[in-house]
Amino acid sequence: MKLTLRVWRQKNADAPGAMATYEVDGISEDMSFLEMLDTLNEELILRGEDPVAFDHDCREGICGACSLVINGDAHGPERTTSCQLHMRSFEDGDTIDVEPWRAAAFPVVRDLVVDRSAFDRIIQAGGYISAPTGSAPEAHATPVPKADADFAFEHAECIGCGACVAACPNGSAMLFTSAKVNHLNVLPQGAPERETRVLDMVRVMDEEGFGGCTLTGECATACPKGIPLPSIAAMNKEWLRANRKAPRRG
Amino acid sequence: MALASRTDRKPSLPRTFWRSTVGKKTVMAVSGLIMIAYLVAHVMGNLKVFFGPGEFNAYGHWLRTMGEPVLHYEWGLWITRVVLLTAVIAHGVSAYQLSRRDIRARPTAYVHKRRHASYATRTMRWGGVIVALFIVWHILDLTTLTVNPNAQAGHPYENVVATFSTWYGNVIYIVAMLAVGLHIRHGFWSAAQTLGVGNASRDRALKALANGLALVLTAGFVSVPVAVMTGVVS
(Lines give C-alpha, C1' and ligand atoms only; values in the text may rest on other atoms or scores of the structure.)
Protein backbone atom coordinates (compact mmCIF):
# COMPACT_ATOMS: atom_id res chain seq x y z
CA MET A 1 0.00 0.00 0.00
CA LYS A 2 1.06 3.56 -0.75
CA LEU A 3 -0.37 6.23 1.52
CA THR A 4 -0.28 9.97 2.02
CA LEU A 5 -0.11 10.93 5.69
CA ARG A 6 -0.92 14.35 7.08
CA VAL A 7 0.51 14.37 10.59
CA TRP A 8 0.39 17.03 13.33
CA ARG A 9 3.97 18.17 14.03
CA GLN A 10 4.72 20.35 17.07
CA LYS A 11 8.21 20.73 18.58
CA ASN A 12 7.07 21.28 22.17
CA ALA A 13 4.15 22.47 24.29
CA ASP A 14 4.78 26.15 23.53
CA ALA A 15 5.69 25.92 19.84
CA PRO A 16 2.99 26.39 17.21
CA GLY A 17 2.15 23.18 15.38
CA ALA A 18 1.01 22.37 11.86
CA MET A 19 0.03 19.42 9.71
CA ALA A 20 2.95 18.00 7.71
CA THR A 21 2.51 15.76 4.65
CA TYR A 22 4.46 12.53 4.16
CA GLU A 23 4.32 9.74 1.60
CA VAL A 24 4.81 6.16 2.80
CA ASP A 25 5.19 3.17 0.52
CA GLY A 26 5.43 -0.56 1.02
CA ILE A 27 2.80 -0.71 3.76
CA SER A 28 1.28 -4.15 4.30
CA GLU A 29 -2.41 -4.32 5.14
CA ASP A 30 -1.48 -6.65 8.02
CA MET A 31 0.53 -3.91 9.72
CA SER A 32 -0.97 -2.12 12.68
CA PHE A 33 -1.41 1.63 12.44
CA LEU A 34 1.54 2.09 14.81
CA GLU A 35 3.76 -0.20 12.71
CA MET A 36 2.90 1.97 9.74
CA LEU A 37 4.05 5.01 11.76
CA ASP A 38 7.22 3.08 12.71
CA THR A 39 7.89 2.61 8.98
CA LEU A 40 7.47 6.34 8.45
CA ASN A 41 9.79 7.11 11.38
CA GLU A 42 12.51 4.77 10.06
CA GLU A 43 12.46 6.68 6.79
CA LEU A 44 12.51 10.04 8.59
CA ILE A 45 15.51 8.96 10.69
CA LEU A 46 17.37 7.77 7.57
CA ARG A 47 16.67 11.16 5.96
CA GLY A 48 18.04 12.87 9.07
CA GLU A 49 14.67 14.30 10.12
CA ASP A 50 12.98 14.14 13.54
CA PRO A 51 10.73 11.07 13.87
CA VAL A 52 7.06 11.64 14.70
CA ALA A 53 6.56 11.33 18.48
CA PHE A 54 3.57 9.24 19.52
CA ASP A 55 2.59 7.39 22.70
CA HIS A 56 2.56 3.58 22.68
CA ASP A 57 3.37 0.80 25.08
CA CYS A 58 1.78 -2.67 25.12
CA ARG A 59 0.60 -2.64 21.48
CA GLU A 60 -2.01 -5.24 22.37
CA GLY A 61 -4.90 -2.93 23.21
CA ILE A 62 -4.82 -3.12 26.99
CA CYS A 63 -2.56 -0.34 28.30
CA GLY A 64 -4.28 2.81 27.05
CA ALA A 65 -1.08 4.53 25.95
CA CYS A 66 -1.79 4.99 22.26
CA SER A 67 -3.78 8.10 21.52
CA LEU A 68 -4.23 9.05 17.89
CA VAL A 69 -7.10 10.87 16.25
CA ILE A 70 -7.20 9.27 12.80
CA ASN A 71 -9.35 10.98 10.16
CA GLY A 72 -11.21 12.83 12.92
CA ASP A 73 -12.01 9.70 14.95
CA ALA A 74 -10.31 8.89 18.25
CA HIS A 75 -8.41 5.61 17.56
CA GLY A 76 -9.61 5.70 13.94
CA PRO A 77 -12.44 4.02 12.06
CA GLU A 78 -12.60 0.72 13.99
CA ARG A 79 -13.83 0.35 17.56
CA THR A 80 -10.44 -0.49 19.02
CA THR A 81 -7.20 1.16 20.11
CA SER A 82 -4.84 2.71 17.53
CA CYS A 83 -2.36 -0.15 18.07
CA GLN A 84 -5.01 -2.76 17.24
CA LEU A 85 -6.18 -0.88 14.17
CA HIS A 86 -4.84 -2.54 11.04
CA MET A 87 -3.99 -1.01 7.71
CA ARG A 88 -6.58 -3.25 6.05
CA SER A 89 -9.12 -0.68 7.31
CA PHE A 90 -7.70 1.72 4.71
CA GLU A 91 -7.44 1.69 0.91
CA ASP A 92 -4.28 1.92 -1.16
CA GLY A 93 -3.69 5.57 -2.09
CA ASP A 94 -5.67 6.97 0.87
CA THR A 95 -4.78 10.25 2.52
CA ILE A 96 -4.91 9.81 6.31
CA ASP A 97 -5.00 12.66 8.84
CA VAL A 98 -3.32 11.93 12.18
CA GLU A 99 -3.80 14.37 15.06
CA PRO A 100 -3.26 14.34 18.82
CA TRP A 101 -6.09 14.22 21.42
CA ARG A 102 -7.52 17.74 21.57
CA ALA A 103 -8.60 19.05 24.98
CA ALA A 104 -7.50 21.92 27.21
CA ALA A 105 -6.88 19.39 30.00
CA PHE A 106 -4.63 17.32 27.69
CA PRO A 107 -1.92 19.77 26.50
CA VAL A 108 0.24 18.61 23.58
CA VAL A 109 3.76 17.67 24.73
CA ARG A 110 5.20 17.01 21.29
CA ASP A 111 3.70 15.99 17.92
CA LEU A 112 1.04 13.39 18.76
CA VAL A 113 1.91 13.02 22.46
CA VAL A 114 -0.39 14.70 25.00
CA ASP A 115 -0.08 15.01 28.77
CA ARG A 116 -2.87 12.91 30.33
CA SER A 117 -1.79 13.29 33.95
CA ALA A 118 -5.13 15.05 34.63
CA PHE A 119 -6.60 11.52 34.57
CA ASP A 120 -4.08 10.41 37.21
CA ARG A 121 -5.18 13.26 39.47
CA ILE A 122 -8.84 12.23 39.07
CA ILE A 123 -7.86 8.69 40.10
CA GLN A 124 -5.84 10.04 43.05
CA ALA A 125 -8.97 11.85 44.26
CA GLY A 126 -10.88 8.60 44.83
CA GLY A 127 -10.23 5.88 42.27
CA TYR A 128 -9.02 3.41 44.90
CA ILE A 129 -10.26 1.40 47.87
CA SER A 130 -8.90 1.73 51.39
CA ALA A 131 -9.10 -1.99 52.23
CA PRO A 132 -5.71 -3.38 53.22
CA THR A 133 -4.04 -5.18 50.36
CA GLY A 134 -1.93 -8.29 50.59
CA SER A 135 -2.43 -11.77 49.28
CA ALA A 136 -5.64 -12.30 47.32
CA PRO A 137 -8.56 -12.94 49.70
CA GLU A 138 -10.61 -16.12 49.50
CA ALA A 139 -12.98 -15.63 46.58
CA HIS A 140 -16.15 -16.49 48.50
CA ALA A 141 -15.34 -14.29 51.50
CA THR A 142 -17.24 -11.34 50.11
CA PRO A 143 -20.19 -12.41 47.99
CA VAL A 144 -21.05 -10.05 45.12
CA PRO A 145 -24.34 -10.44 43.22
CA LYS A 146 -23.80 -11.53 39.61
CA ALA A 147 -25.44 -8.39 38.18
CA ASP A 148 -23.18 -6.13 40.29
CA ALA A 149 -20.08 -8.10 39.35
CA ASP A 150 -20.95 -7.78 35.64
CA PHE A 151 -21.59 -4.05 36.06
CA ALA A 152 -18.25 -3.58 37.85
CA PHE A 153 -16.36 -5.63 35.25
CA GLU A 154 -17.93 -3.70 32.39
CA HIS A 155 -16.61 -0.45 33.88
CA ALA A 156 -13.29 -1.93 35.00
CA GLU A 157 -12.51 -2.43 31.31
CA CYS A 158 -11.68 1.29 31.01
CA ILE A 159 -7.96 1.60 30.16
CA GLY A 160 -7.87 5.37 30.69
CA CYS A 161 -6.72 6.15 27.15
CA GLY A 162 -8.73 9.38 26.98
CA ALA A 163 -10.50 8.67 23.68
CA CYS A 164 -13.74 9.81 25.36
CA VAL A 165 -12.26 13.24 26.07
CA ALA A 166 -10.75 13.44 22.58
CA ALA A 167 -14.07 12.60 20.92
CA CYS A 168 -16.23 14.85 23.11
CA PRO A 169 -17.01 18.24 21.54
CA ASN A 170 -16.78 19.68 25.07
CA GLY A 171 -13.55 17.91 26.08
CA SER A 172 -15.49 16.27 28.92
CA ALA A 173 -14.08 13.45 31.06
CA MET A 174 -17.47 12.23 32.27
CA LEU A 175 -17.26 8.77 30.66
CA PHE A 176 -13.79 8.09 32.11
CA THR A 177 -14.75 9.34 35.57
CA SER A 178 -18.05 7.45 35.52
CA ALA A 179 -16.29 4.21 34.53
CA LYS A 180 -13.97 4.52 37.53
CA VAL A 181 -16.69 5.57 39.97
CA ASN A 182 -19.16 2.88 38.87
CA HIS A 183 -16.53 0.14 38.87
CA LEU A 184 -15.76 0.66 42.58
CA ASN A 185 -19.04 2.08 43.91
CA VAL A 186 -21.10 -1.02 43.06
CA LEU A 187 -18.77 -3.41 44.92
CA PRO A 188 -18.71 -4.06 48.68
CA GLN A 189 -14.96 -3.40 48.66
CA GLY A 190 -15.63 0.12 47.41
CA ALA A 191 -18.48 0.85 49.81
CA PRO A 192 -16.57 2.69 52.58
CA GLU A 193 -15.64 5.54 50.19
CA ARG A 194 -18.79 5.36 48.09
CA GLU A 195 -19.87 8.96 48.76
CA THR A 196 -16.49 10.71 49.02
CA ARG A 197 -15.22 8.89 45.90
CA VAL A 198 -17.83 10.30 43.54
CA LEU A 199 -17.84 13.78 45.13
CA ASP A 200 -14.04 14.10 45.10
CA MET A 201 -13.50 12.61 41.64
CA VAL A 202 -16.15 14.84 40.05
CA ARG A 203 -14.70 17.88 41.85
CA VAL A 204 -11.16 17.18 40.60
CA MET A 205 -12.51 16.43 37.11
CA ASP A 206 -14.02 19.93 37.08
CA GLU A 207 -10.87 21.52 38.53
CA GLU A 208 -8.73 19.97 35.78
CA GLY A 209 -10.63 22.02 33.19
CA PHE A 210 -12.58 19.27 31.45
CA GLY A 211 -15.87 20.42 29.94
CA GLY A 212 -19.35 19.40 31.02
CA CYS A 213 -21.42 16.59 29.56
CA THR A 214 -24.06 17.44 26.95
CA LEU A 215 -24.83 13.77 26.27
CA THR A 216 -23.84 13.84 22.63
CA GLY A 217 -22.75 10.20 22.98
CA GLU A 218 -19.49 10.75 21.07
CA CYS A 219 -17.48 9.35 24.00
CA ALA A 220 -19.21 5.98 24.12
CA THR A 221 -18.97 5.68 20.32
CA ALA A 222 -15.21 6.28 20.45
CA CYS A 223 -14.46 4.14 23.54
CA PRO A 224 -12.29 1.17 22.47
CA LYS A 225 -13.51 -0.78 25.50
CA GLY A 226 -17.22 -0.14 24.98
CA ILE A 227 -17.93 1.73 28.22
CA PRO A 228 -21.63 2.49 27.64
CA LEU A 229 -23.20 5.96 27.67
CA PRO A 230 -25.64 5.11 30.53
CA SER A 231 -22.53 4.95 32.78
CA ILE A 232 -22.75 8.73 32.95
CA ALA A 233 -26.34 8.58 34.19
CA ALA A 234 -25.26 6.00 36.78
CA MET A 235 -22.52 8.32 38.04
CA ASN A 236 -24.93 11.28 38.14
CA LYS A 237 -27.19 9.13 40.29
CA GLU A 238 -24.27 8.34 42.62
CA TRP A 239 -23.31 12.03 42.79
CA LEU A 240 -26.84 13.11 43.72
CA ARG A 241 -27.09 10.29 46.26
CA ALA A 242 -23.73 11.23 47.79
CA ASN A 243 -24.85 14.83 48.21
CA ARG A 244 -27.88 13.60 50.14
CA LYS A 245 -25.93 11.09 52.26
CA ALA A 246 -22.40 12.41 52.72
CA PRO A 247 -21.79 13.54 56.31
CA ARG A 248 -21.70 17.29 56.70
CA ARG A 249 -18.37 18.30 58.09
CA GLY A 250 -17.59 21.49 59.99
CA MET B 1 0.72 6.83 61.79
CA ALA B 2 -1.44 9.87 62.27
CA LEU B 3 -4.31 10.13 59.87
CA ALA B 4 -4.64 13.40 58.06
CA SER B 5 -7.54 15.21 59.65
CA ARG B 6 -9.64 17.29 57.34
CA THR B 7 -10.40 20.66 58.79
CA ASP B 8 -11.81 22.20 55.62
CA ARG B 9 -15.47 23.01 55.86
CA LYS B 10 -17.73 21.35 53.39
CA PRO B 11 -19.44 23.95 51.21
CA SER B 12 -23.21 24.26 51.47
CA LEU B 13 -25.39 22.13 49.21
CA PRO B 14 -26.47 24.94 46.81
CA ARG B 15 -22.82 26.02 46.54
CA THR B 16 -21.70 22.44 45.78
CA PHE B 17 -24.35 22.18 43.08
CA TRP B 18 -23.64 25.53 41.48
CA ARG B 19 -19.86 24.95 41.41
CA SER B 20 -20.05 21.47 39.87
CA THR B 21 -20.72 20.75 36.22
CA VAL B 22 -22.87 17.81 37.33
CA GLY B 23 -24.74 20.03 39.80
CA LYS B 24 -25.32 22.77 37.24
CA LYS B 25 -26.66 20.16 34.84
CA THR B 26 -29.06 19.10 37.60
CA VAL B 27 -30.27 22.71 37.81
CA MET B 28 -30.80 22.64 34.03
CA ALA B 29 -32.62 19.31 34.19
CA VAL B 30 -35.02 20.36 36.95
CA SER B 31 -35.73 23.81 35.47
CA GLY B 32 -36.19 22.19 32.04
CA LEU B 33 -38.69 19.68 33.39
CA ILE B 34 -40.64 22.49 35.10
CA MET B 35 -40.85 24.26 31.74
CA ILE B 36 -41.92 21.06 29.94
CA ALA B 37 -44.67 20.52 32.55
CA TYR B 38 -45.81 24.09 31.91
CA LEU B 39 -45.81 23.51 28.13
CA VAL B 40 -48.05 20.45 28.56
CA ALA B 41 -50.59 22.59 30.45
CA HIS B 42 -50.11 25.43 27.93
CA VAL B 43 -50.82 23.30 24.87
CA MET B 44 -53.97 21.87 26.44
CA GLY B 45 -55.20 25.42 27.04
CA ASN B 46 -54.31 26.42 23.47
CA LEU B 47 -56.34 23.58 21.98
CA LYS B 48 -59.48 25.10 23.53
CA VAL B 49 -59.30 27.56 20.64
CA PHE B 50 -61.01 24.84 18.56
CA PHE B 51 -64.13 25.12 20.76
CA GLY B 52 -64.77 28.73 19.85
CA PRO B 53 -64.24 32.18 21.35
CA GLY B 54 -66.64 31.65 24.27
CA GLU B 55 -64.79 28.69 25.79
CA PHE B 56 -61.30 29.98 24.96
CA ASN B 57 -61.90 33.44 26.45
CA ALA B 58 -63.57 31.92 29.52
CA TYR B 59 -60.51 29.72 29.97
CA GLY B 60 -58.32 32.82 29.66
CA HIS B 61 -60.34 34.45 32.40
CA TRP B 62 -60.16 31.32 34.60
CA LEU B 63 -56.34 31.54 34.52
CA ARG B 64 -56.76 34.78 36.51
CA THR B 65 -59.22 33.38 39.04
CA MET B 66 -57.29 30.06 39.30
CA GLY B 67 -56.78 29.04 42.94
CA GLU B 68 -59.57 31.22 44.31
CA PRO B 69 -60.80 31.52 46.99
CA VAL B 70 -57.57 30.31 48.63
CA LEU B 71 -55.58 32.67 46.44
CA HIS B 72 -56.41 36.28 45.64
CA TYR B 73 -57.40 37.30 42.09
CA GLU B 74 -54.45 36.73 39.67
CA TRP B 75 -52.19 35.34 42.40
CA GLY B 76 -52.20 31.86 40.88
CA LEU B 77 -51.16 33.38 37.56
CA TRP B 78 -48.39 35.43 39.15
CA ILE B 79 -47.07 32.48 41.14
CA THR B 80 -46.86 30.53 37.87
CA ARG B 81 -45.07 33.46 36.21
CA VAL B 82 -42.52 33.78 39.03
CA VAL B 83 -41.80 30.02 39.01
CA LEU B 84 -41.39 30.07 35.23
CA LEU B 85 -39.18 33.14 35.24
CA THR B 86 -36.96 31.53 37.89
CA ALA B 87 -36.77 28.36 35.80
CA VAL B 88 -35.94 30.26 32.60
CA ILE B 89 -33.20 32.30 34.31
CA ALA B 90 -31.70 29.26 36.09
CA HIS B 91 -31.78 27.27 32.84
CA GLY B 92 -30.30 30.09 30.74
CA VAL B 93 -27.55 31.11 33.16
CA SER B 94 -26.50 27.48 33.70
CA ALA B 95 -26.50 26.85 29.94
CA TYR B 96 -24.42 29.97 29.31
CA GLN B 97 -21.86 29.16 32.00
CA LEU B 98 -21.59 25.50 31.01
CA SER B 99 -21.26 26.39 27.33
CA ARG B 100 -18.47 28.85 28.05
CA ARG B 101 -16.71 26.16 30.03
CA ASP B 102 -17.22 23.55 27.29
CA ILE B 103 -15.79 25.83 24.62
CA ARG B 104 -12.74 26.58 26.82
CA ALA B 105 -12.25 22.84 27.41
CA ARG B 106 -11.82 22.23 23.67
CA PRO B 107 -9.82 25.23 22.42
CA THR B 108 -8.35 23.56 19.32
CA ALA B 109 -10.56 22.02 16.67
CA TYR B 110 -9.54 18.94 14.70
CA VAL B 111 -8.19 19.62 11.24
CA HIS B 112 -10.09 16.59 9.94
CA LYS B 113 -13.73 17.55 10.38
CA ARG B 114 -16.60 15.12 10.51
CA ARG B 115 -20.25 15.41 11.44
CA HIS B 116 -20.87 14.87 15.14
CA ALA B 117 -24.02 13.90 17.02
CA SER B 118 -27.66 14.29 15.97
CA TYR B 119 -29.25 17.49 14.66
CA ALA B 120 -31.25 17.99 17.88
CA THR B 121 -28.08 17.60 19.96
CA ARG B 122 -26.01 19.99 17.86
CA THR B 123 -28.70 22.70 17.88
CA MET B 124 -29.32 22.76 21.67
CA ARG B 125 -27.43 26.02 22.28
CA TRP B 126 -28.64 28.14 19.37
CA GLY B 127 -32.04 26.47 19.50
CA GLY B 128 -32.28 27.56 23.13
CA VAL B 129 -31.37 31.14 22.17
CA ILE B 130 -34.05 31.12 19.44
CA VAL B 131 -36.65 29.86 21.93
CA ALA B 132 -35.63 32.52 24.49
CA LEU B 133 -36.01 35.29 21.90
CA PHE B 134 -39.36 33.83 20.90
CA ILE B 135 -40.58 33.96 24.52
CA VAL B 136 -39.89 37.72 24.56
CA TRP B 137 -41.81 38.16 21.29
CA HIS B 138 -44.63 35.90 22.50
CA ILE B 139 -45.11 37.90 25.73
CA LEU B 140 -45.07 41.21 23.82
CA ASP B 141 -47.61 39.74 21.38
CA LEU B 142 -50.16 37.93 23.53
CA THR B 143 -49.56 38.99 27.16
CA THR B 144 -48.72 42.69 27.06
CA LEU B 145 -50.34 42.97 23.56
CA THR B 146 -47.63 45.54 22.65
CA VAL B 147 -47.11 44.17 19.14
CA ASN B 148 -50.48 42.47 18.67
CA PRO B 149 -52.46 43.69 15.62
CA ASN B 150 -55.76 43.39 17.55
CA ALA B 151 -54.55 44.17 21.11
CA GLN B 152 -57.92 43.72 22.79
CA ALA B 153 -57.41 42.97 26.50
CA GLY B 154 -59.68 40.18 27.79
CA HIS B 155 -60.23 38.80 24.27
CA PRO B 156 -57.38 36.31 23.79
CA TYR B 157 -59.26 34.42 21.03
CA GLU B 158 -59.49 37.50 18.81
CA ASN B 159 -55.85 38.41 19.56
CA VAL B 160 -54.64 34.91 18.63
CA VAL B 161 -56.57 35.01 15.35
CA ALA B 162 -55.13 38.48 14.62
CA THR B 163 -51.52 37.28 15.21
CA PHE B 164 -51.89 34.23 13.00
CA SER B 165 -53.50 36.30 10.27
CA THR B 166 -50.12 37.95 9.67
CA TRP B 167 -47.38 36.12 7.72
CA TYR B 168 -44.64 37.09 10.21
CA GLY B 169 -46.73 35.96 13.18
CA ASN B 170 -47.01 32.50 11.61
CA VAL B 171 -43.36 32.26 10.56
CA ILE B 172 -41.97 33.30 13.96
CA TYR B 173 -44.33 30.98 15.81
CA ILE B 174 -43.86 27.88 13.65
CA VAL B 175 -40.05 28.21 13.52
CA ALA B 176 -39.98 28.63 17.31
CA MET B 177 -42.21 25.60 17.87
CA LEU B 178 -39.96 23.43 15.68
CA ALA B 179 -37.01 24.67 17.77
CA VAL B 180 -38.91 23.81 20.96
CA GLY B 181 -39.59 20.32 19.64
CA LEU B 182 -35.94 19.69 18.79
CA HIS B 183 -34.85 21.13 22.14
CA ILE B 184 -37.21 18.84 24.07
CA ARG B 185 -36.20 15.81 22.01
CA HIS B 186 -32.62 15.97 23.30
CA GLY B 187 -33.40 17.90 26.50
CA PHE B 188 -35.95 15.57 28.06
CA TRP B 189 -33.81 12.48 27.52
CA SER B 190 -30.72 14.36 28.78
CA ALA B 191 -32.58 15.49 31.90
CA ALA B 192 -33.32 11.83 32.67
CA GLN B 193 -29.59 11.01 32.34
CA THR B 194 -28.57 13.97 34.49
CA LEU B 195 -31.02 13.03 37.23
CA GLY B 196 -29.71 9.47 37.13
CA VAL B 197 -33.00 7.95 35.96
CA GLY B 198 -31.55 6.65 32.70
CA ASN B 199 -30.02 3.20 32.38
CA ALA B 200 -29.46 0.71 29.60
CA SER B 201 -32.81 -1.07 29.96
CA ARG B 202 -34.84 2.16 30.15
CA ASP B 203 -33.02 3.90 27.32
CA ARG B 204 -35.42 2.98 24.52
CA ALA B 205 -38.46 3.94 26.60
CA LEU B 206 -36.92 7.29 27.59
CA LYS B 207 -35.96 8.10 24.00
CA ALA B 208 -39.49 7.18 22.83
CA LEU B 209 -41.00 9.33 25.57
CA ALA B 210 -38.76 12.28 24.64
CA ASN B 211 -39.65 11.95 20.94
CA GLY B 212 -43.35 11.53 21.72
CA LEU B 213 -43.40 14.54 24.01
CA ALA B 214 -41.55 16.68 21.45
CA LEU B 215 -43.87 15.58 18.66
CA VAL B 216 -47.15 16.02 20.60
CA LEU B 217 -46.16 19.45 21.96
CA THR B 218 -44.94 20.76 18.59
CA ALA B 219 -47.97 19.38 16.72
CA GLY B 220 -50.35 20.77 19.35
CA PHE B 221 -48.85 24.25 19.25
CA VAL B 222 -48.48 24.38 15.46
CA SER B 223 -52.09 23.23 14.95
CA VAL B 224 -53.36 26.66 16.09
CA PRO B 225 -51.66 28.85 13.42
CA VAL B 226 -52.42 26.17 10.82
CA ALA B 227 -56.10 26.26 11.84
CA VAL B 228 -56.19 30.05 11.55
CA MET B 229 -54.44 29.95 8.16
CA THR B 230 -56.85 27.37 6.79
CA GLY B 231 -59.88 29.15 8.22
CA VAL B 232 -60.86 26.39 10.68
CA VAL B 233 -60.46 28.98 13.45
CA SER B 234 -61.46 32.54 12.61
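Residue numbering restarts at 1 for every chain, and letters A, B, ... go by the order of the sequence lines. In this text, all values refer to a predicted model and were calculated from it rather than measured experimentally.
Taking the six-membered ring wherever Trp is involved, the centroid distance between the rings of A/W8 and B/Y110 does not fall below 6.0 Å.
With a threshold of 4.5 angstrom between heavy atoms, B/T21 approaches chain A through its backbone and through its side chain. For chain A, no part of B/R100 is nearby; none of its heavy atoms comes within less than 4.5 Å. Only the backbone of A/V165 comes within contact range of chain B, judged by heavy atoms closer than 4.5 Å. Of the two parts of B/R19, only the backbone, made up of N, CA, C and O, holds a non-hydrogen atom closer than 4.5 Å to a non-hydrogen atom of chain A. Contact annotation for B/R122: neither backbone nor side-chain heavy atoms come within less than 4.5 Å of a heavy atom of chain A. Contact of B/K113 with chain A is not made at all, since no heavy-atom distance falls under 4.5 Å. When heavy atoms are compared at a cutoff of 4.5 Å, A/A167 approaches chain B solely by way of its backbone atoms N, CA, C and O. Only the side chain of B/T26 comes within less than 4.5 Å of a heavy atom in chain A; its backbone stays farther off.
For B/F134, the ring-ring contact (aromatic ring centres under 6.0 Å, His included) partners two or more places apart in sequence, or in a different chain, are B/H138, B/Y173. Taking A/S82 as the reference, A/H75 meet the side-chain hydrogen bond (donor to acceptor under 3.5 Å, both in side chains) condition, with sequence neighbours excluded.
With chain B as the partner, the residue from A/A105, A/C213, A/A234 showing the most heavy-atom pairs under 4.5 Å is A/C213. Of the residues considered (B/P107, B/A192, B/A120), B/P107 shows the highest number of contacts with chain A, using heavy-atom pairs under 4.5 Å. If you tally non-hydrogen atom pairs under 4.5 Å between each of A/T216, A/V202, A/V69, A/N71 and chain B, the highest count goes to A/N71. The residue among B/L195, B/V197, B/V22, B/D203 with the most heavy atom pairs within less than 4.5 Å of chain A is B/V22. Among A/D97, A/N170, A/T214, the residue with the largest count of heavy-atom pairs under 4.5 Å with chain B is A/N170.
Of all residues spanning residues 220-233 of chain A, those with a heavy atom less than 4.5 Å away from chain B's heavy atoms are A/L229, A/P230, A/A233, arranged by number.
Rounded to the nearest 0.5 Å, atoms NE2 (B/H112) and CE (A/M19) are 9.5 Å apart.
When atom types are taken as modelled, the side chain of B/D102 and the backbone of A/G212 share a donor-acceptor pair closer than 3.5 angstrom. With A/R102 contributing its side chain and B/R106 its backbone, the two residues share no donor-acceptor pair below 3.5 Å.
Taking the side chain as every heavy atom from C-beta outward, B/F17 and A/N243 approach each other to under 4.5 Å. B/R101 has its side chain within reach of A/D206: a pair of non-hydrogen atoms, C-beta onward, lies under 4.5 Å apart. Side-chain contact check for A/E99 versus B/V111: some heavy-atom pair is nearer than 4.5 Å.
When the shell of 6.0 Å around CH2 of B/W75 is examined, it contains 12 or fewer heavy atoms from other residues, nucleotides or ligands. No more than 12 heavy atoms of other residues, nucleotides or ligands lie within 6.0 Å of OH in B/Y96, so this atom counts as exposed by the packing criterion. For B/K24, the NZ atom is densely surrounded, since the number of other residues' heavy atoms within 6.0 Å is greater than 12. In the displayed structure, A/R197 atom CZ is contacted under 6.0 Å by more than 12 heavy atoms of other residues, nucleotides or ligands.
Scanning all heavy atoms of the two residues, the minimum distance from B/S20 to A/W239 falls at OG-CZ2, 3.4 Å.
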Distance-only donor-acceptor hits, side chain of residues 29-37 of chain B, under 3.5 Å, sequence neighbours excluded:
| residue | atom | partner | partner atom | Å |
| --- | --- | --- | --- | --- |
| B/S31 | OG | B/V27 | O | 2.7 |
| B/S31 | OG | B/M28 | O | 3.2 |
| B/S31 | OG | B/H91 | ND1 | 3.0 |

